[in-house]
Structure formats: C-alpha cells, structure tokens
Peer 1: 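Just passing along the structure, written as structure tokens.
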Amino acid sequence: MTRLETIYREKVVPALQKEFAYKSSMQIPGIEKISLNIGLGSANQNQKLIEDCVADLSAIAGQKAVVTRAKKSIAAFKLREGMPIGVRVTLRKDAMWDFLDKLMNFAMPRVRDFRGIPDRGFDGRGNFTLGIKEHTIFPEMEADRVDNPVGMNITIVTTATTDKESKLMLEQLGMPFRK
C-alpha cells in the first residue's frame, strides 16, 4: 500500500464519515482513476514531437502512453482521419496513488509563484480536472533536455456524487487548493 493510500484509509475516510454521516462504508468517496492527456495540435507535421511526448508522458506516469488519433477529418484544421493528435495514459490503483503523491508533493511546489490550485475545475459530479502549462515541473523531466515543453490535462475521477465531497476528500489528501 502506498503512502498516500495509507493516509486516505487512516485519515480521510474517518473525516468524510464524520462530515457527511454516511450510512454505509460503500458510500464514502474514493479515487477511481487519474487520466493524463497531452494534446498536440501541430503533431501531424512532426513525428518526433509525438515520440518525445510518448516518452515523456510514459516517464511521468510510470506506464506506457498511447497515441490518440483523429476520428474525423476536419479540413479547416488540415486534419485527416487517423492522424495523431495527442497522447494519453490512464492510471489506476498503486500507479494512481504514486502519481497523485508526486503531483501534490513534488511537482506543484516547483511551479514558480505557486499560490495554490484554483478550485473551479470540478465538473458537478465530483471529478476534478487540472491543467498544467509545462510538463517540465515533474522531477523526471530535465528542463534542458526538453525541446518543446507542452501542456497537460490531469483529470482525477472520483466516486463522489457532489463537488463538495470530492473537494473535501482532495483537501484531506493534501491537494493545495487556493484559499
């Protein structure tokens, strides 16, 4: 069991039980998965950029990233069906807990003038999405080795039914929300 999962079981679960008075332990929200996504709009001309992003995201996540391809052709974007347009990876279980621990305790503090994460990324159903402008904040990335720093979307999918439950759970885990 990972460090953050231990904190979840010993500290967060009792706090959520006390706050929301659940009748069953199965009602207590948990984290289901974490989805990482890098969108590469200019990737259809540059195959090396796609390979670099796959390698970088695989290093960050700890598991192999998958190239996403266009489902439709869109002439205005010079996009054909089947062209690579992004890279994604979905984390579950121990890899998910390790990544969340790394995100909150190592990557976020490396952001210059970091004042916290805005809490407007909740979707109304308890899931939280966070955008990062440069993927070089992660300890696996050497800033001088990266040619093109790219942005990344991180979606934390929870079993919570409301944003209030999800936010309290993430705060208890140590997510640095802006005050």
Side-chain angles (χ1 to χ4, degrees), residues 1-5 8 31-123 126-158 166 170 173-178:
M1 194 174 341
T2 63
R3 187 184 77 83
L4 200 62
E5 188 177 7
Y8 170 76
I31 299 176
E32 195 174 306
K33 64 183 175 181
I34 296 178
S35 176
L36 309 174
N37 180 33
I38 296 177
L40 303 169
S42 62
N44 54 10
Q45 289 91 12
N46 190 353
Q47 187 64 31
K48 184 181 181 313
L49 180 63
I50 295 168
E51 293 168 4
D52 289 347
C53 283
V54 168
D56 290 349
L57 193 58
S58 297
I60 290 169
Q63 76 184 41
K64 181 86 166 99
V66 177
V67 175
T68 56
R69 300 191 176 275
K71 293 179 182 177
K72 291 182 176 180
S73 298
I74 302 174
F77 298 126
K78 297 181 182 175
L79 187 64
R80 299 288 167 251
E81 186 177 337
M83 283 183 154
I85 56 172
V87 179
R88 70 177 170 90
V89 64
T90 301
L91 303 172
R92 299 175 196 273
K93 299 187 180 179
D94 286 346
M96 169 189 73
W97 289 108
D98 288 337
F99 174 79
L100 192 59
D101 192 15
K102 180 172 47 174
L103 175 70
M104 292 187 304
N105 298 315
F106 297 111
M108 287 297 165
R110 291 179 66 171
V111 175
R112 183 183 301 180
D113 297 332
F114 181 68
R115 292 187 182 94
I117 300 169
D119 61 351
R120 60 180 184 264
F122 289 98
D123 67 351
N127 303 319
F128 181 68
T129 301
L130 166 70
I132 294 177
K133 292 183 180 171
E134 288 188 7
H135 73 293
T136 57
I137 64 170
F138 289 97
E140 295 86 2
M141 297 293 99
E142 298 171 19
D144 54 342
R145 186 191 68 80
V146 176
D147 296 332
N148 302 349
V150 292
M152 176 188 301
N153 292 335
I154 300 168
T155 302
I156 301 170
V157 179
T158 66
S166 181
L170 291 173
L173 283 171
M175 184 69 80
F177 286 112
R178 193 173 289 160

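The model shown is predicted, which means the values in this text are computed figures rather than measured ones. Here, residue 1 is the first one in the sequence, and each next residue gets the next number.
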Peer 1: What closest approach, in Å, do Asn127 and Val157 show between heavy atoms, and which atom pair accounts for it?
Peer 2: OD1-CA, 3.4 Å

Peer 1: What residues, two or more places apart in sequence or in another chain, satisfy side-chain contact (heavy atoms from CB on, under 4.5 Å) together with Glu51?
Peer 2: Gln47

Peer 1: How far does CZ of Arg80 sit from CD1 of Ile74, to the nearest 0.5 angstrom?
Peer 2: 10.0 Å

Peer 1: Could you tell me which residues satisfy side-chain contact (heavy atoms from CB on, under 4.5 Å) with Asn37, sequence neighbours excluded, listed by chain and number?
Peer 2: Arg88, Asn153

Peer 1: Compare every heavy atom of Pro139 with every heavy atom of Arg110, then report the nearest pair and how far apart it is.
Peer 2: NH1-CA, 3.1 Å

Peer 1: What is the distance from atom OG1 of Thr136 to atom CE of Met152, rounded to the nearest 0.5 Å?
Peer 2: 9.5 Å

Peer 1: Show me the side-chain donor-acceptor pairs of residues 52-67 shorter than 3.5 Å, one per line, residues at least two apart or across chains.
Peer 2:
| residue | atom | partner | partner atom | Å |
| --- | --- | --- | --- | --- |
| Asp52 | OD2 | Lys48 | NZ | 2.9 |
| Asp56 | OD1 | Arg145 | NH2 | 3.0 |
| Asp56 | OD2 | His135 | NE2 | 3.0 |
| Ser58 | OG | Val54 | O | 2.7 |
| Ser58 | OG | Ala65 | N | 3.0 |
| Gln63 | NE2 | Thr90 | O | 2.7 |

Peer 1: Just jot down the side-chain contact (heavy atoms from CB on, under 4.5 Å) partners of Leu4, sequence neighbours excluded, or say none.
Peer 2: Ile7, Trp97, Leu100, Asp101, Met104, Leu173

Peer 1: Are any of the side-chain heavy atoms of Ile31 and Tyr8 separated by less than 4.5 Å?
Peer 2: no

Peer 1: Between Glu5 and Asp94, is any pair of side-chain heavy atoms under 4.5 Å apart?
Peer 2: yes

Peer 1: To the nearest 0.5 Å, tell me how far Leu130 CG sits from Met108 CE.
Peer 2: 4.5 Å

Peer 1: Can you name the residues that form a ring pair (Phe, Tyr, Trp, His ring centres under 6.0 Å) with Phe128, not counting sequence neighbours?
Peer 2: Phe122, Phe177

Peer 1: Taking side chain as C-beta onward, heavy atoms only, is Thr155 less than 4.5 Å from Asp123?
Peer 2: no

Peer 1: Measure the spacing between NZ of Lys93 and CG of Asp98 and express it to the nearest 0.5 Å.
Peer 2: 14.0 Å

Peer 1: So, for Ser166 and Gly126, which heavy atoms are closest and what is the spacing to 0.1 Å?
Peer 2: OG-O, 2.7 Å

Peer 1: Indicate every side-chain donor-acceptor pair of residues 112-120 with a distance under 3.5 Å to a residue at least two apart or in another chain.
Peer 2:
| residue | atom | partner | partner atom | Å |
| --- | --- | --- | --- | --- |
| Asp119 | OD2 | Lys167 | NZ | 2.6 |

Peer 1: Between atom CD1 of Ile156 and atom CD of Glu32, what is the distance when rounded to the nearest 0.5 Å?
Peer 2: 13.0 Å

Peer 1: Of all the heavy-atom pairs spanning Val87 and Ile50, show the shortest one and how long it is.
Peer 2: CG2-O, 4.4 Å

Peer 1: Run the side-chain contact (heavy atoms from CB on, under 4.5 Å) check on Ile137 and Phe106 step by step: do they pass?
Peer 2: CA-CA 8 Å; Ile137 64 170; Phe106 297 111; over 6 Å; no

Peer 1: Can you find a heavy atom in the side chain of Glu140 that is under 4.5 Å from one in the side chain of Lys102?
Peer 2: yes

